[in-house]
Amino acid sequence: MKNNLLERLSLPEDLKKLSLEEEKELCKEIREKIITTVAENGGHLSSNLGVVELTVAIHKVFESPKDKIIFDVGHQCYTHKLLTGRLDKFDTIRQQGGLSGFSAPDESVHDPVISGHSSTSISSALGIAEAMKIKGDNHHAIAVIGDGAMTGGLSYEGLNNAGRSGTNIIVILNYNEMSISKNIGGLAEYLSKLRIKKSYRTLKNTTRKIISSVPLIGEPISESLSASKDVVREKMLHSTLFEDLGFQFVGPVDGHDLGDLEVALEYAKSLGGPVLVQVNTQKGKGYKPAEKNPGNYHGVSGFDIKTGRLPEHKYDFTDAFGQALTKIADKDERVCAITASMKYGTGLQYFKKKHPERYFDVGIAEGHAVTFAAGLAEMGMIPVFAVYSSFLQRSYDQLIHDAAIGNAHIVIGIDHAGIVGADGRTHQGTFDIPFLTTIPNVTIYSPSNYKELESCLEKALFKDTGIAVVRYPKSGEASNAYCAGDYSIAERSSDTLIISYGREAGEAERAAEKLDCDFMKLVKVFPFSDEITSTISRYKKIYIFEESEYEGSIGQKLKSICPNVESHAINGFVPHMKVCEAIELYGLSEHQIELTVKKGVQNAEA
């Protein structure tokens with residue numbers, strides 16, 4: 001019977017009663033459940049298939065929720081969810097009102113912290129471990145972090161503090177040679193070298209056994225060899241990075257061998273103090289298409305299980321941006337492109353193919369990317385950093401300190417701006433407008449179609465100074481016409497004006513047509529020109545609708561200039577659901593805009 005163990009067991013408690021063979025059968029059932037669910041709902045496939053055995057072993061050895069298990073990024077926690085009482089709701093993952101695709105403390109006591117961004121797990125686990133130490137609690141805090149996340153600087157800040165902490169923190173470093181795009185940098189090379197450590201240890205243990213068996217002289221020789229092991233290890237491995245930071249190092253361990261995993265984790269658990277366990281896994285394990293192309297199955301909207309066929313890719317803003325930037329770079333050798341391990345996610349594969357010498361992947365290091373861009377700009381280059389809205393949040397200080405104060409001319413292409421859908425609270429692009437508009441020397445464009453995007457990019461590169469931003473959604477080209485200027489206005493002799501920008505402009509424009517109201521589309525959304533402010537001041541009532549957090553929104557800023565403005569934006573964090581569902585829920589759909597404006601007009605006339 002399918003899912004027999006998953007359905008029958010009381011998890012995670014019953015894991016400790018299972019034989020090794022039963023655990024292997026459970027892993028098969030978990031993989032089948034993940035594959036069938038992601039094929040239907042979309043989600044993160046490769047990363048979750050890669051950690052099935054690892055997650056089962058962690059729950060076998062440790063005792064959640066007394067031991068705190070923290071998954072870095074959190075997108076690889078599907079097995080963890082299935083093992084912690086969420087099987088009956090698993091089919092709802094990433095759907096409105098259903099399970100989150102990431103770690104979510106409001107979902108389960110087995111999720112200690114919310115996790116959706118990279119490189120945070122070690123710091124979170126250390127805080128928990130220090131609190132346990134203060135309270136005399138001998139349980140463990142376990143951070144599960146991939147080598148991709150180790151390209152982020154925050155992970156090293158956590159390691160630096162954790163190694164000398166004396167706490168029961170265990171860092172499980174999941175090495176699979178991938179983040180979203182393939183890993184780059186010195187750490188990736190270092191971890192590859194550590195793969196020989198298993199063979200080194202096997203050779204060492206075999207040699208020790210042989211020598212120790214020699215009568216009379218065997219034990220003294222073995223002890224002498226043991227005394228020199230540090231020298232041998234350092235010569236063979238060239239580095240003792242984690243030991244130097246204060247960690248006891250265990251591994252590498254085969255991340256798909258349950259027996260080896262459980263032995264290694266039991267050993268790490270017994271050591272006391274900070275321990276780092278390196279586990280080698282394969283992304284996409286157990287599903288051939290994902291094994292062959294783990295990057296393609298990192299995050300999917302669904303797929304055909306039998307063939308592995310993914311939905312046909314539809315041209316979107318990401319493609320339009322990448323191709324427009326490449327075309328501009330063909331003509332100007334100063335233009336450079338920067339990504340934080342998101343080549344395909346930000347459309348920069350086009351640029352890399354044509355101009356590899358001006359393409360830079362800095363790893364998951366958004367703060368570094370901004371400061372690096374400022375350095376390029378200092379030398380007369382025109383750097384373009386393409387990044388998701390929610391990930392740009394991680395570089396706020398660098399935007400101020402390293403770019404804005406010196407008026408460095410850098411361009412930022414903000415992908416996934418506005419509501420993003422099923423990824424939910426940690427990935428919504430609703431905060432870039434509020435935090436960017438607080439920084440001096442920032443210009444922001446928000447095109448509503450591909451032609452406007454190309455025009456805005458040209459202006460950002462060659463017309464503007466300081467930080468110039470072009471923000472756009474993943475998909476959802478508005479149907480309204482191209483605007484070559486900073487704004488356009490459709491006048492219908494109305495005393496009511498509706499304003500919007502970006503993807504939302506399409507919803508607002510259609511509502512304005514039905515209501516016979518005037519409509520203004522902003523393309524350059526900040527700062528406001530005198531022409532825009534004088535134009536809107538003529539209207540009796542002004543409504544603005546935008547996919548942005550209300551505090552710090554364009555509407556709030558316009559209201560401070562013109563009291564007749566009524567701002568409709570988003571208050572708080574947007575949960576996971578389809579984009580169209582969120583647009584409707586937050587009053588930003590064509591239908592909801594009609595209702596809002598009609599009600600406002602009726603109240604004004606009453």
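This chain uses plain numbering: 1 for the first residue, then up along the sequence.
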Treating [X] as the side-chain partner and [Y] as the backbone partner, does any N or O pair qualify as donor plus acceptor under 3.5 Å?
{"X": "N564", "Y": "Y539", "value": "yes"}
{"X": "D361", "Y": "I338", "value": "no"}
{"X": "T151", "Y": "I364", "value": "yes"}
{"X": "S395", "Y": "Q398", "value": "no"}
{"X": "H80", "Y": "H110", "value": "yes"}
{"X": "E546", "Y": "G555", "value": "yes"}
{"X": "E594", "Y": "H591", "value": "no"}
{"X": "K68", "Y": "A141", "value": "no"}
{"X": "S553", "Y": "S548", "value": "no"}
{"X": "H576", "Y": "G98", "value": "yes"}

Determine the minimum heavy-atom distance between [X] and [Y], stating which atoms define it.
{"X": "P105", "Y": "V113", "result": "CG-C, 3.4 Å"}
{"X": "C77", "Y": "G74", "result": "SG-O, 2.9 Å"}
{"X": "M150", "Y": "L159", "result": "CE-CD1, 3.4 Å"}
{"X": "F321", "Y": "Y472", "result": "CG-OH, 3.1 Å"}
{"X": "F102", "Y": "G116", "result": "CD2-CA, 3.8 Å"}
{"X": "S121", "Y": "I145", "result": "OG-CB, 3.7 Å"}

Would [X] and [Y] count as having a side-chain donor-acceptor pair, cut-off 3.5 Å?
{"X": "K557", "Y": "T437", "result": "yes"}
{"X": "D415", "Y": "T318", "result": "yes"}
{"X": "S589", "Y": "E507", "result": "no"}
{"X": "K521", "Y": "S448", "result": "yes"}

* To do: Please indicate whether E40 has more than 12 foreign heavy atoms, meaning atoms of other residues, nucleotides or ligands, lying under 6.0 Å from its CD.
  => no
* Asked: More than 12 foreign heavy atoms under 6.0 Å from OH of Y315: is that the case here?
  -> yes
* Derivation of the side chain to side chain contact (heavy atoms under 4.5 Å, CB included) call for V597 and F545 -> CA-CA 11 Å; V597 176; F545 297 86; 4.2 Å; yes
* To do: Step by step, work out the ring pair (Phe, Tyr, Trp, His ring centres under 6.0 Å) result for Y445 and Y501.
  => CA-CA 9 Å; Y445 297 94; Y501 57 87; over 10 Å; no
* Asked: Any idea how F391 and Y388 line up, ring-wise: parallel (<30°), tilted (30 to 60°), or perpendicular (>60°)?
  -> parallel
* **Ring geometry between H568 and Y543 (parallel below 30°, tilted from 30 to 60°, perpendicular above 60°)** => parallel
Between atom [atom1] of [X] and atom [atom2] of [Y], what is the distance when rounded to the nearest 0.5 Å?
{"X": "I544", "Y": "I499", "atom1": "CD1", "atom2": "CD1", "answer": "5.0 Å"}
{"X": "I414", "Y": "F317", "atom1": "CD1", "atom2": "CZ", "answer": "14.0 Å"}
{"X": "F351", "Y": "Q349", "atom1": "CZ", "atom2": "CD", "answer": "12.5 Å"}
{"X": "S46", "Y": "H75", "atom1": "OG", "atom2": "NE2", "answer": "9.0 Å"}
{"X": "N449", "Y": "E452", "atom1": "CG", "atom2": "CD", "answer": "4.0 Å"}
{"X": "H313", "Y": "N296", "atom1": "NE2", "atom2": "CG", "answer": "11.5 Å"}

* Passing candidate, side chain to side chain contact (heavy atoms under 4.5 Å, CB included) with L99, options T37, T92, N41 -> T92
* To do: Decide side chain to side chain contact (heavy atoms under 4.5 Å, CB included) for L45 and H298; before the verdict, give the C-alpha distance in whole Å, the side-chain angles of both, and the deciding distance to 0.1 Å.
  => CA-CA 6 Å; L45 186 67; H298 171 77; over 6 Å; no
* Structure fact -> Across all chains, not counting sequence neighbours, the salt bridge (Lys or Arg N to Asp or Glu O under 4.0 Å) partners of E513 are none
* **salt bridge (Lys or Arg N to Asp or Glu O under 4.0 Å) assessment of R471 paired with D432** => CA-CA 9 Å; R471 64 185 303 274; D432 56 273; 2.5 Å; yes
* Which residue pairs pass the salt bridge (Lys or Arg N to Asp or Glu O under 4.0 Å) test when at least one of the two sits in residues 437-451, sequence neighbours left out? -> none
Any side-chain heavy-atom pair of [X] and [Y] under 4.5 Å:
{"X": "V387", "Y": "E366", "result": "yes"}
{"X": "L310", "Y": "Y297", "result": "yes"}
{"X": "R394", "Y": "S118", "result": "yes"}
{"X": "L436", "Y": "V469", "result": "yes"}
{"X": "F372", "Y": "F385", "result": "no"}
{"X": "S567", "Y": "Y550", "result": "yes"}

Ignoring hydrogens and angles, write down the donor-acceptor pairs under 3.5 Å from the side chains of residues 417-429, residues two or more places apart or on other chains.
{"from": "D423", "atom 1": "OD1", "to": "R94", "atom 2": "NH1", "distance (Å)": "2.7"}
{"from": "R425", "atom 1": "NH1", "to": "D106", "atom 2": "OD2", "distance (Å)": "3.3"}
{"from": "Q428", "atom 1": "OE1", "to": "V420", "atom 2": "N", "distance (Å)": "2.7"}
{"from": "Q428", "atom 1": "NE2", "to": "V574", "atom 2": "O", "distance (Å)": "3.2"}

* Walk me through it: do Y586 and N571 pass the test side-chain hydrogen bond (donor to acceptor under 3.5 Å, both in side chains)? => CA-CA 9 Å; Y586 287 91; N571 286 297; over 6 Å; no
Please list every donor-acceptor pair under 3.5 Å in which a side-chain atom of residues 399-411 meets a protein atom from a residue at least two apart or in another chain.
{"from": "D402", "atom 1": "OD2", "to": "T371", "atom 2": "OG1", "distance (Å)": "2.7"}
{"from": "H409", "atom 1": "ND1", "to": "G466", "atom 2": "O", "distance (Å)": "3.0"}
{"from": "H409", "atom 1": "NE2", "to": "A460", "atom 2": "O", "distance (Å)": "3.2"}
{"from": "H409", "atom 1": "NE2", "to": "L461", "atom 2": "O", "distance (Å)": "2.9"}

Looking at [X] and [Y], does any basic side-chain N land under 4.0 Å from a carboxylate oxygen?
{"X": "D111", "Y": "R86", "answer": "yes"}
{"X": "K541", "Y": "E566", "answer": "yes"}
{"X": "E107", "Y": "K81", "answer": "yes"}

* **Working for side-chain hydrogen bond (donor to acceptor under 3.5 Å, both in side chains), residues Y396 and T438** => CA-CA 11 Å; Y396 187 68; T438 65; 2.7 Å; yes
* **side chain to side chain contact (heavy atoms under 4.5 Å, CB included) involving S475 - partner list, sequence neighbours excluded** => D316
List the atom pairs, donor and acceptor, that lie under 3.5 Å between side-chain atoms in residues 483-493 and the rest of the protein, sequence neighbours left out.
{"from": "Y487", "atom 1": "OH", "to": "E531", "atom 2": "OE2", "distance (Å)": "3.0"}
{"from": "E491", "atom 1": "OE2", "to": "R538", "atom 2": "NH2", "distance (Å)": "3.4"}
{"from": "R492", "atom 1": "NH1", "to": "C517", "atom 2": "O", "distance (Å)": "2.6"}

